Amino acid sequence: MPSAARQGSVRELMMPTTCSFPQGYCLLDVGPDGTDVRFVPVADFEEMVVGHRERSTDSVTARGLTGMAAARLAQFPLVEE
């Protein structure tokens, strides 16, 4: 699931896989004023629903991770700093 964290002065970015949920990738635009990260979905709404259903029934672990990803998506756009 896409997210960001900071460890001291290092920023860590976690990117989604295109074969899981949410189906998409992130684009990074690094410039003198900072870095912009954009999530780019590769599935429409119905395909996202199918991906969520399939992924959330794989295992207990997958169900938990899919739930966290869905909660994160519901918070978009993520804007920090």
Side-chain angles (χ1 to χ4, degrees):
M1 75 189 84
S3 63
R6 185 186 305 260
Q7 296 291 328
S9 63
V10 176
R11 170 75 66 184
E12 178 182 32
L13 299 172
M14 284 68 73
M15 303 299 158
T17 62
T18 56
C19 64
S20 188
F21 177 84
Q23 304 96 313
Y25 58 92
C26 290
L27 290 178
L28 280 70
D29 182 20
V30 180
D33 295 327
T35 302
D36 290 328
V37 181
R38 291 185 296 131
F39 176 74
V40 181
V42 296
D44 63 21
F45 180 79
E46 290 82 19
E47 292 165 334
M48 284 273 195
V49 169
V50 170
H52 182 272
R53 184 177 6 189
E54 292 293 323
R55 182 69 177 141
S56 64
T57 59
D58 284 348
S59 67
V60 172
T61 301
R63 185 170 34 257
L65 292 172
T66 302
M68 288 189 306
R72 181 65 50 91
L73 281 175
Q75 297 173 15
F76 277 5
L78 300 177
V79 177
E80 185 174 334
E81 299 173 6

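What you see is a predicted model; the values in this text were computed from it and never measured.
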* **side chain to side chain contact (heavy atoms under 4.5 Å, CB included) involving T57 - partner list, sequence neighbours excluded** => none
* **Members sharing V60's hydrophobic cluster (side chains within less than 4.5 Å)** => none
* **Under the side chain to side chain contact (heavy atoms under 4.5 Å, CB included) test, residues paired with S59 that sit two or more places apart** => T61, A62
* Asked: Which salt bridge (charged side-chain N to carboxylate O under 4.0 Å, His left out) pairs, counting each pair once, include a residue from residues 56-70, with sequence neighbours left out?
  -> R55-D58
* To do: Return the set of residues passing side chain to side chain contact (heavy atoms under 4.5 Å, CB included) with D36 (not counting sequence neighbours), or none when no residue passes.
  => D29
Using atom types as modelled, flag every donor-acceptor pair under 3.5 Å from a side chain in residues 40-52 to any protein atom, sequence neighbours excluded.
residue	atom	partner	partner atom	Å
D44	OD1	E46	N	3.2
D44	OD1	E47	N	2.8
E47	OE1	D44	N	2.8

